[in-house]
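Small disclaimer: the values here were computed from a predicted structure and weren't measured. Along the sequence shown, residues carry numbers from 1.
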Amino acid sequence: MYSHTTIGANDLARARAFYDAVFAPLGHEVRYADDMLVGWGAPGGPPQFLLARPFNGEAPSVGNGAMIALQAPRRSVVDACHAAAIARGGTDEGRPGLRPHYHPNYYGAYFRDLDGNKICVVCHQAE
């Protein structure tokens with residue numbers, strides 16, 4: 001059911017460096033890149049998370065209530081992604097930790113990227 005997610009970026013090169021760091025702990029790599037678009041995915045797979053300069057030429061904007069959640073295999077990966085985001089200028093929206101109100105093993109962290117997009121990294125496994 002899930003194909004890909006695309007979000008806008010004001011500065012594609014700066015946003016690429018930010019997400020290169022965020023996706024490294026997850027093992028994702030750039031699977032496609034051109035002057036308008038960069039896409040990450042699992043090695044050998046299709047790009048599933050894409051950054052784009054908006055095709056209409058206008059500035060990207062953030063949707064109210066919109067969030068993208070990235071699945072991590074271990075809680076330590078959640079920690080590493082959040083740390084990478086904050087170290088590269090992201091804004092903390094919720095430090096890594098258990099969120100038992102979602103379910104007993106929900107371990108997540110939240111941040112906003114350089115363009116204000118809200119991202120969650122979550123592990124659903126007990127560790």
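Atom SG of Cys120 sits about 3.5 Å away from atom OH of Tyr106, to the nearest 0.5 Å. Residue Ser61 holds its OG atom at 10.0 Å from CG of Asn10, rounded to the nearest 0.5 Å. Rounding to the nearest 0.5 Å gives a distance of 10.5 Å between CD of Gln48 and CZ of Arg31. Remark: Ile119 CD1 to Phe111 CZ distance equals 5.5 Å, nearest 0.5 Å.
In this structure, Tyr107 is not a member of the same hydrophobic cluster as Met67, with clusters built from ILVMFWY side-chain heavy atoms closer than 4.5 Å. A continuous path of Ile, Leu, Val, Met, Phe, Trp and Tyr side chains, each step under 4.5 Å between heavy atoms, connects Leu98 with Val121, placing both in one hydrophobic cluster. Under the 4.5 Å side-chain contact rule for hydrophobic residues, Val77 and Phe18 share a cluster.
In this structure, His124 and Asn105 approach most closely via the heavy-atom pair O-CB, 3.4 Å. The shortest heavy-atom contact between Pro43 and Gly27 is CD-O, 3.3 Å. The nearest pair of heavy atoms linking Arg75 to Cys123 is N-SG, 3.8 Å. Among all heavy-atom pairs drawn from Ile86 and Asp92, the shortest one is CD1-N, 3.4 Å. When all heavy atoms of Ala9 and Ala15 are compared, the closest pair comes out as CB-CB, 3.8 Å. Closest of all the heavy-atom pairs between Leu51 and Arg16 is CD1-N, 4.1 Å.
The closest donor-acceptor contact from the side chain of Arg99 to the backbone of Gly108 lies under 3.5 Å. No donor-acceptor distance shorter than 3.5 angstrom exists from the side chain of Asp115 to the backbone of Asn117, with no hydrogens or angles considered.
Taking the six-membered ring where tryptophan is involved, the planes of Phe23 and Phe49 are perpendicular, since the angle between them exceeds 60° and thus also 30°.
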Practice item. Go through Tyr110 and Lys118 one step at a time and tell me if the side chain to side chain contact (heavy atoms under 4.5 Å, CB included) criterion holds. Key: CA-CA 7 Å; Tyr110 304 83; Lys118 188 171 182 181; 4.1 Å; yes
Practice item. Show your working on side chain to side chain contact (heavy atoms under 4.5 Å, CB included) between Leu26 and Cys81 and close with a plain yes or no. Key: CA-CA 8 Å; Leu26 292 166; Cys81 290; 3.7 Å; yes
Practice item. Show your working on side chain to side chain contact (heavy atoms under 4.5 Å, CB included) between Asp113 and Arg88 and close with a plain yes or no. Key: CA-CA 9 Å; Asp113 71 8; Arg88 283 156 183 81; over 6 Å; no
Practice item. Before giving the answer on side chain to side chain contact (heavy atoms under 4.5 Å, CB included), spell out for Val62 and Arg112 the whole-Å C-alpha distance, their side-chain angles and the decisive distance to 0.1 Å. Key: CA-CA 10 Å; Val62 178; Arg112 290 198 183 264; 4.0 Å; yes
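Within 6.0 Å of CG in Asp34 there are more than 12 heavy atoms belonging to other residues, nucleotides or ligands.
Under the side-chain contact (heavy atoms from CB on, under 4.5 Å) test applied with Leu50, the options Ile7, Val38, Thr6 reduce to a single match, Thr6.
The shortest side-chain heavy-atom distance between Val30 and Asp20 falls under the 4.5 Å cut-off.
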